[in-house]
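Encoded as structure tokens, the structure appears first; notes follow it.
Because the structure is predicted, anything quoted here is derived from the model rather than measured. Order of the sequence lines sets the chain letters (A, B, ...), proteins ahead of strands, with each chain counted from 1. Atoms considered below: every heavy atom in the structure, side chains included; atoms not considered: hydrogens, waters and symmetry mates.
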2 protein chains.
Amino acid sequence: MDRKLTQRGEERRNQLLAFATSRFAQKGFHPTSVAEIVEGIGVGKGVFYWYFDSKEALLQAILVDAQRDLRRRQRSAMVGAETPMERIERGVRASIQWSVEHPEHFRLVQFAASDERFSQGVHKGQQVAVRDAAAHIDDAMAAGEIPKADPELLAQMMIGVHTHLVHLIHQGLVESTSEVIDAAVGFCIHGISGRTS
Amino acid sequence: MDRKLTQRGEERRNQLLAFATSRFAQKGFHPTSVAEIVEGIGVGKGVFYWYFDSKEALLQAILVDAQRDLRRRQRSAMVGAETPMERIERGVRASIQWSVEHPEHFRLVQFAASDERFSQGVHKGQQVAVRDAAAHIDDAMAAGEIPKADPELLAQMMIGVHTHLVHLIHQGLVESTSEVIDAAVGFCIHGISGRTS
DNA sequence: CGCCTTCTTGACTGTACGGTCAAGTACGGT
DNA sequence: ACCGTACTTGACCGTACAGTCAAGAAGGCG
């Protein structure tokens with residue numbers, strides 16, 4: 001939906017986005033109705049459909065924004081890193097931090113990855129992230145910092161650690177202290193630095 | 001629902017369980033209707049409600065069975081292991097292998113962990129698994145095999161690697177060869193063996 | 001075979017939902 | 001103030017859904 005919006009329109013659209021993000025994350029996408037969303041911000045149902053073609057279109061918009069924001073964060077965290085391993089470490093940290101700060105967006109991306117209607121776009125975004133991380137891992141291998149192995153597979157494993165840790169933090173089972181994040185980063189760094197014989 | 005069933009009844013109930021497992025995993029729990037399930041096995045809607053009180057009850061039954069089966073598998077894999085590290089390694093392998101062999105059950109457990117109606121039971125089961133793994137990690141630390149750190153946090157990180165890898169295998173992005181599984185096990189073993197300074 | 005118990009059918013019920021759109025209101029510019 | 005455009009309302013529509021249950025069929029046993 002490429003409607004030109006006034007500032008007022010943009011504000012209303014953002015209000016819908018924000019409320020839906022929160023409610024979808026809390027209750028799930030499917031169990032959350034359009035009626036509930038409009039009621040939550042005190043508008044009529046037609047407002048919803050002025051801005052979004054469908055409930056799915058709303059979620060897509062949320063997902064696109066979230067993934068763009070995360071990528072921006074990772075990129076800016078790596079600026080100034082001097083070695084591949086430093087870039088990897090900064091990338092992992094930035095991801096974890098962004099995810100901890102945006103629990104709802106994080107949760108919706110995870111949901112979308114598992115739902116056949118939404119997974120395609122999300123997987124594409126994740127593939128980009130994996131390839132970027134793998135390139136840094138490859139650089140670290142070429143520089144002799146770590147032993148050779150499949151860089152994409154290692155990148156995926158780091159993402160597994162990150163994802164799970166963030167889930168735990170959101171569940172309140174783990175605190176998002178710097179010690180915990182250091183431990184996760186350490187686990188990953190040592191995981192890619194070691195090697196089965 | 002504690003209905004006593006004949007053999008014929010057990011067979012019908014199992015048919016419902018099996019079909020629903022597959023369809024829920026493929027389409028999602030919410031987007032799958034009871035009507036679709038009964039149509040899938042060619043019975044009337046009343047059959048469903050003879051065996052299960054609700055759609056939710058059906059999913060709960062699936063989840064309970066899956067988690068019980070996985071626990072059994074892990075336990076039997078560790079029989080005969082002589083060191084804590086060996087037990088850890090066998091446990092990780094058994095989990096990955098079970099998950100690869102039961103993609104649908106795995107997927108439903110993941111879904112359930114994220115849905116507020118189902119997450120309580122699933123989290124309890126996962127807590128048991130984490131505690132068990134942490135006890136082995138603790139043993140390995142006490143035996144001087146690995147440096148000291150928070151054993152439950154390390155157990156969680158290993159679970160993150162396992163979960164993510166299994167997702168990738170189910171998506172066809174990674175093959176479930178023994179090399180890949182070895183790499184994941186290696187990543188975890190080195191992840192817990194290393195240490196941030 | 002008759003009887004009792006265990007299933008099985010599927011029409012029905014009430015509720016909920018995503019989406020539509022004619023009529024109306026608000027806003028911004030001249 | 002007027003006009004045109006950008007929103008906004010909410011009744012409505014058709015469809016879908018989870019769950020109910022009276023009537024019937026099937027199976028098992030004596």
Side-chain angles (χ1 to χ4, degrees), chain A residues 1-63 108 111-112 115-118, chain B residues 1-63 108 111-112 115-118:
Chain A
M1 167 161 297
D2 295 318
R3 199 186 288 276
K4 263 194 191 306
L5 297 174
T6 64
Q7 168 147 358
R8 181 175 69 133
E10 285 291 349
E11 283 164 6
R12 179 68 81 197
R13 187 175 179 277
N14 286 336
Q15 191 183 15
L16 281 165
L17 283 168
F19 188 85
T21 297
S22 178
R23 191 56 63 92
F24 285 157
Q26 186 245 318
K27 285 192 61 174
F29 172 75
H30 292 297
T32 301
S33 64
V34 170
E36 185 176 341
I37 293 166
V38 294
E39 193 186 330
I41 63 175
V43 298
K45 205 139 158 215
V47 171
F48 184 96
Y49 291 100
W50 175 259
Y51 294 100
F52 302 100
D53 287 334
S54 63
K55 198 165 98 166
E56 277 76 25
L58 170 58
L59 181 60
Q60 285 288 16
I62 292 167
L63 294 170
L108 292 182
F111 160 73
D115 186 280
E116 65 188 4
R117 247 157 317 185
F118 302 105
Chain B
M1 170 164 294
D2 296 318
R3 199 185 288 277
K4 263 193 193 301
L5 296 173
T6 62
Q7 168 145 1
R8 182 175 69 133
E10 286 290 350
E11 282 165 8
R12 178 66 84 196
R13 186 173 180 276
N14 286 334
Q15 192 183 14
L16 281 164
L17 283 167
F19 188 85
T21 297
S22 178
R23 192 55 65 90
F24 285 158
Q26 186 244 320
K27 285 190 64 174
F29 172 76
H30 293 296
T32 301
S33 64
V34 170
E36 184 178 341
I37 292 166
V38 295
E39 192 188 329
I41 63 174
V43 299
K45 205 135 159 222
V47 172
F48 184 96
Y49 292 100
W50 175 260
Y51 295 99
F52 301 98
D53 286 334
S54 64
K55 199 167 94 168
E56 278 76 25
L58 170 59
L59 181 61
Q60 285 286 16
I62 292 167
L63 294 170
L108 291 182
F111 160 73
D115 186 278
E116 66 189 4
R117 247 156 318 185
F118 301 105

_Strictly distance-based, threshold 3.5 Å: is any side-chain N or O of A/Arg23 a donor or acceptor partner for the main-chain N or O of A/Glu36?_
no
*Sugar-phosphate, base or nothing in reach of B/Gly9, heavy atoms under 4.0 Å*: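 If one applies the 4.0 Å heavy-atom cut-off, B/Gly9 turns out to touch the sugar-phosphate alone, with no base involved.
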*Is B/Lys55 touching bases, backbone alone, or none of the nucleic acid, heavy atoms closer than 4.0 Å?*
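Sugar-phosphate contact only.
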*State, with a plain yes or no, whether a side-chain heavy atom of A/Leu58 is found less than 4.5 Å away from one of A/Tyr51.*
no
Send over the distance from [X] [atom1] to [N] [atom2], rounded to a whole Å.
| X | N | atom1 | atom2 | answer |
| --- | --- | --- | --- | --- |
| A/Glu10 | D/dA6 | CD | C1' | 13 Å |
| A/Phe52 | D/dC7 | CZ | P | 13 Å |
| B/Phe48 | C/dC7 | CZ | P | 16 Å |
| A/Lys45 | C/dA22 | NZ | P | 17 Å |
| B/Glu39 | C/dT9 | CD | C1' | 15 Å |
| B/Leu58 | D/dG19 | CG | P | 11 Å |
| B/Arg13 | C/dT8 | CZ | C1' | 17 Å |
| A/Phe29 | C/dG18 | CZ | P | 8 Å |

_Looking at C/dC7, I'd like to know if its phosphate oxygens (OP1 or OP2) sit under 4.0 Å from a side-chain N or O belonging to B/Thr6._
yes
_Side-chain N or O of A/Arg12 versus OP1/OP2 of D/dT8: is the shortest distance under 4.0 Å?_
yes
*With DNA chain C as reference, determine whether A/Ser54 or B/Gly44 sits nearer its 5' end, using the nearest nucleotide of each.*
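Nearest nucleotide further toward 5': that of B/Gly44.
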*Could you pull out the closest heavy-atom pair between A/Phe52 and A/Ala61, with the gap in Å?*
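Smallest heavy-atom distance, with atoms named: CE2-CB, 4.2 Å.
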*Any side-chain donor near an acceptor of the partner, A/Gln15 and A/Glu11, under 3.5 Å*: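 No donor-acceptor contact under 3.5 Å links the two side chains.
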So if I take every side-chain heavy atom of [X] and compare against [options], which nucleotide ends up nearest?
| X | options | answer |
| --- | --- | --- |
| A/Arg8 | C/dC27, C/dC7, C/dT9 | C/dC27 |
| B/Glu56 | D/dG19, C/dG19, C/dT9 | D/dG19 |
| B/Trp50 | C/dT6, C/dT20, D/dT8 | C/dT6 |
| A/Val47 | D/dT20, C/dC7, D/dT9 | D/dT9 |
| A/Tyr49 | C/dC7, D/dA18, C/dG19 | C/dG19 |

*Return the nucleotide paired to D/dT9: Watson-Crick means purine N1 to pyrimidine N3 with N6-O4 or O6-N4, wobble means G-U with N1-O2 and O6-N3, both under 3.5 Å.*
C/dA22
_Pairwise distance CZ(A/Phe118) to CZ(A/Phe29) - rounded to 0.5 angstrom_ = 4.0 Å
